[in-house]
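Take a look at the structure set out below.
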Amino acid sequence: MTILSLAISFIVLLFIILEVVGAPQGHTSSAGQFIPLTRRTQPSRNVSEWAEYAKNLRDATIAKYSSPLSQRRGTGENLYAELYNLSPLRMVNQGLDTNFYGSLAIGTPPYPFDVILDTGSSDMWIASSACHSTCAGTGNFDSAKSSTFKNTNKSFSVTYNKGYAEGTMGQDVVQMAGFTISDQEFGVVTTTAANFLQNPVTGIFGLAWQSLAVSGAMPFWQALASKGQWSQPLMAFQLTRFVNDSQAGKLEPGGSFTMGYTNESLYTGTIDYRDLPNGQASYWLQPITSMTVQGKSISLPNGSASYAIIDTGTTLVAGPAAGIAAIYAQIPGSQPGTGSWEGFYSYPCNTAVVVEISFGGPNWSVSPGDFAFTSTGTSNECYGAFYAIPTSGSTPSWIIGDTFLKNVYSVFRYDPPSVGFAALSETALAMNGKAGGIPSATLGTSSAMFTLVPSTAPLTRTSSTVAFIISAFFATLVSFVQA
């Protein structure tokens with residue numbers, strides 16, 4: 001065999017290999033990159049569906065905060081994020097601002113799961129592969145596939161009026177945003193209430209304090225902060241808005257969640273921090289010191305009756321009946337809802353309602369677009385995003401959810417325990433209603449030595465292609481030897 005023929009054979013082989021290896025394999029995201037997603041029109045709800053949806057949101061909030069601490073489950077109406085190497089978790093906005101979710105990884109080898117990021121609860125739990133009837137289709141956790149999983153032989157059960165999640169406690173390697181805890185304790189859930197989890201969400205990631213944890217386990221974030229693993233002892237959120245975008249898809253970019261630092265490109269001015277009342281490290285509490293509606297002040301109680309939970313896991317804003325009634329009293333034409341709309345109020349859609357809330361510092365505005373929860377599609381009637389729930393002595397009166405949080409940059413600080421707000425920057429505001437790719441679950445080098453690839457773009461090759469490459473290689477080798 002001549003040198004020329006050998007060179008030609010290797011060139012042909014090289015082209016074959018490049019054609020196969022270089023073929024589209026699905027996008028493997030590096031930090032800060034996105035997978036393109038085709039935008040879909042969000043199916044519209046009819047009047048009765050909106051009423052049922054509103055009732056479900058209210059019931060979920062009542063359920064979450066009406067049970068004793070020892071029985072509370074770890075979720076509200078949901079919020080979410082994504083996995084990067086010491087970078088922001090890029091969150092996903094699901095269902096027109098109903099949910100925001102993101103990713104973490106569990107086990108050895110690590111596997112990604114989409115979870116609700118909930119500052120209103122403290123337990124972490126993941127649906128098990130043994131959870132079939134109520135958890136099907138969510139890509140559940142199989143402890144047998146992790147070489148580092150440990151069963152702690154403790155039961156796990158969180159219940160409330162209308163649902164529950166049950167299973168056992170376990171320990172395993174958990175990774176998020178470039179941080180790793182080798183023995184994080186969490187619930188492995190084998191049973192949940194029907195329709196409790198909605199694909200692709202697989203679990204709950206509690207971001208409140210350990211004192212609220214049903215399991216007693218220290219939350220992931222608190223373990224990192226208490227061990228000095230963060231550059232700054234805080235975590236921060238910026239949420240996007242798609243509720244008023246008629247062309248929004250079911251999944252849209254959801255904003256940013258950071259651990260250990262604030263993203264200065266997403267806010268302007270200074271962050272106004274307010275300590276938790278009496279240093280209570282349980283819920284992320286803030287006293288509402290003043291509230292105005294259409295520029296008019298409403299009367300609010302002082303002391304613990306003014307406390308509000310800052311809850312990323314709640315979609316809207318809930319409050320005591322008297323306070324909610326006082327808000328709508330400032331809106332001409334408003335009326336209390338009935339039936340499925342109990343607790344809600346209607347008002348004329350052509351009224352731009354502006355609510356401002358202060359927690360002892362600046363006044364923070366809720367945009368009219370966020371205040372308008374939905375219209376009924378008939379005769380200029382809208383329903384507001386502030387609704388009434390029953391109150392009890394053990395639970396704070398107000399639940400400040402995403403309706404408010406979409407309007408600020410919010411920071412949750414470990415030391416001193418406090419909550420901070422800042423005005424959103426033009427960069428952050430430009431993300432509202434902006435279509436984009438949905439973040440993929442990507443592990444950075446500080447968490448693992450490889451990148452997870454979306455399951456919709458498999459990396460496998462057919463056996464015939466592989467056989468062809470091997471055959472071509474051996475044919476060339478034989479020709480060389482014979483020469």
Side-chain angles (χ1 to χ4, degrees), residues 42-62 77 95-98 241-248 288-301 305-306 308 314-359 363-391 397-408 432-433:
Q42 176 75 6
S44 59
R45 296 184 176 99
N46 59 36
V47 175
S48 61
E49 288 171 338
W50 270 111
E52 185 63 22
Y53 173 59
K55 182 179 184 299
N56 289 340
L57 289 180
R58 183 172 180 268
D59 286 347
T61 304
I62 293 171
E77 286 96 302
L96 301 178
D97 306 355
T98 299
R241 177 188 302 111
F242 284 87
V243 67
N244 52 1
D245 183 351
S246 62
Q247 296 301 309
I288 298 179
T289 56
S290 69
M291 185 182 297
T292 64
V293 184
Q294 309 299 67
K296 299 178 181 179
S297 296
I298 66 170
S299 178
L300 295 172
S306 69
T314 291
T315 303
L316 306 179
V317 173
I324 297 299
I327 290 173
Y328 288 96
Q330 303 300 327
I331 307 172
S334 63
Q335 296 290 332
T338 59
S340 294
W341 288 107
E342 180 184 358
F344 287 82
Y345 281 73
S346 65
Y347 69 97
C349 293
N350 57 9
T351 301
V353 179
V354 177
V355 177
E356 292 188 341
I357 304 174
S358 174
F359 302 98
N363 291 327
W364 304 106
S365 294
V366 175
S367 72
D370 284 315
F371 185 86
F373 173 48
T374 186
S375 66
T376 61
T378 59
S379 64
N380 193 35
E381 183 182 54
C382 283
Y383 278 92
F386 284 54
Y387 60 92
I389 58 173
T391 57
S397 300
W398 293 86
I399 316 298
I400 304 297
D402 302 334
T403 289
F404 171 83
L405 294 172
K406 286 179 287 182
N407 294 271
V408 294
N432 294 329

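When a residue number appears, it is its place in the shown sequence, counting from 1.
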Are [X] and [Y] close enough that some pair of their side-chain heavy atoms sits under 4.5 Å apart?
X: Ile288; Y: Ser358; value: no
X: Val366; Y: Thr403; value: yes
X: Val354; Y: Val293; value: no
X: Trp398; Y: Pro320; value: yes
X: Thr376; Y: Tyr383; value: yes
X: Val47; Y: Trp50; value: no
X: Val355; Y: Thr292; value: no

Could you tell me whether a side-chain N or O of Asn350 sits under 3.5 Å from a main-chain N or O of Asn380, the two making a donor and an acceptor?
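Pair absent, no side-chain N/O of Asn350 close to backbone of Asn380.
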Spell out, as yes or no, whether a donor-acceptor pair under 3.5 Å connects the side chain of Ser397 to the backbone of Ala305.
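The answer is yes, because a donor-acceptor pair under 3.5 Å joins these two groups.
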To the nearest 0.5 Å, tell me how far [X] [atom1] sits from [Y] [atom2].
X: Ile389; Y: Thr391; atom1: CD1; atom2: OG1; result: 8.0 Å
X: Ser290; Y: Leu300; atom1: OG; atom2: CG; result: 8.0 Å
X: Met291; Y: Ile327; atom1: CE; atom2: CD1; result: 4.5 Å
X: Leu316; Y: Arg58; atom1: CG; atom2: CZ; result: 12.0 Å
X: Asp402; Y: Arg241; atom1: CG; atom2: CZ; result: 11.5 Å
X: Ser375; Y: Tyr347; atom1: OG; atom2: OH; result: 9.5 Å

Closest non-hydrogen atom pair, [X] against [Y]:
X: Gln294; Y: Gln330; result: CG-O, 3.9 Å
X: Pro301; Y: Ser306; result: O-CB, 3.3 Å
X: Lys55; Y: Ser340; result: CB-O, 3.5 Å
X: Ala321; Y: Ala388; result: CA-CB, 3.8 Å
X: Phe344; Y: Ala54; result: CE1-O, 3.5 Å
X: Gly323; Y: Ile298; result: O-CD1, 4.1 Å

Decide ring-ring contact (aromatic ring centres under 6.0 Å, His included) for Trp364 and Phe404; before the verdict, give the C-alpha distance in whole Å, the side-chain angles of both, and the deciding distance to 0.1 Å.
CA-CA 9 Å; Trp364 304 106; Phe404 171 83; 7.6 Å; no
For Glu342, look at atom CD and say whether over 12 heavy atoms of other residues, nucleotides or ligands are found less than 6.0 Å away.
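Count not over threshold, so no.
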Using side chain to side chain contact (heavy atoms under 4.5 Å, CB included), reason through Asn407 and Asp370 one step at a time and then give a plain yes or no.
CA-CA 9 Å; Asn407 294 271; Asp370 284 315; 3.1 Å; yes
Of Phe386, Tyr387, Tyr53, which meets side chain to side chain contact (heavy atoms under 4.5 Å, CB included) against Phe373?
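Only one of Phe386, Tyr387, Tyr53 forms a side chain to side chain contact (heavy atoms under 4.5 Å, CB included) with Phe373, namely Tyr53.
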Could you pull out all residues at least two apart from Ser48 that satisfy side chain to side chain donor-acceptor pair (under 3.5 Å)?
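With neighbours one apart ignored, the set is Asn46.
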Which residues pass the side chain to side chain donor-acceptor pair (under 3.5 Å) test with Glu356, not counting sequence neighbours?
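Glu356: side chain to side chain donor-acceptor pair (under 3.5 Å) contacts with Ser365.
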List the residues meeting ring pair (Phe, Tyr, Trp, His ring centres under 6.0 Å) with Tyr328, not counting sequence neighbours, and say none if there are none.
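Partners of Tyr328 by the ring pair (Phe, Tyr, Trp, His ring centres under 6.0 Å) criterion, ordered by chain and then number, come out as Tyr345, Phe371.
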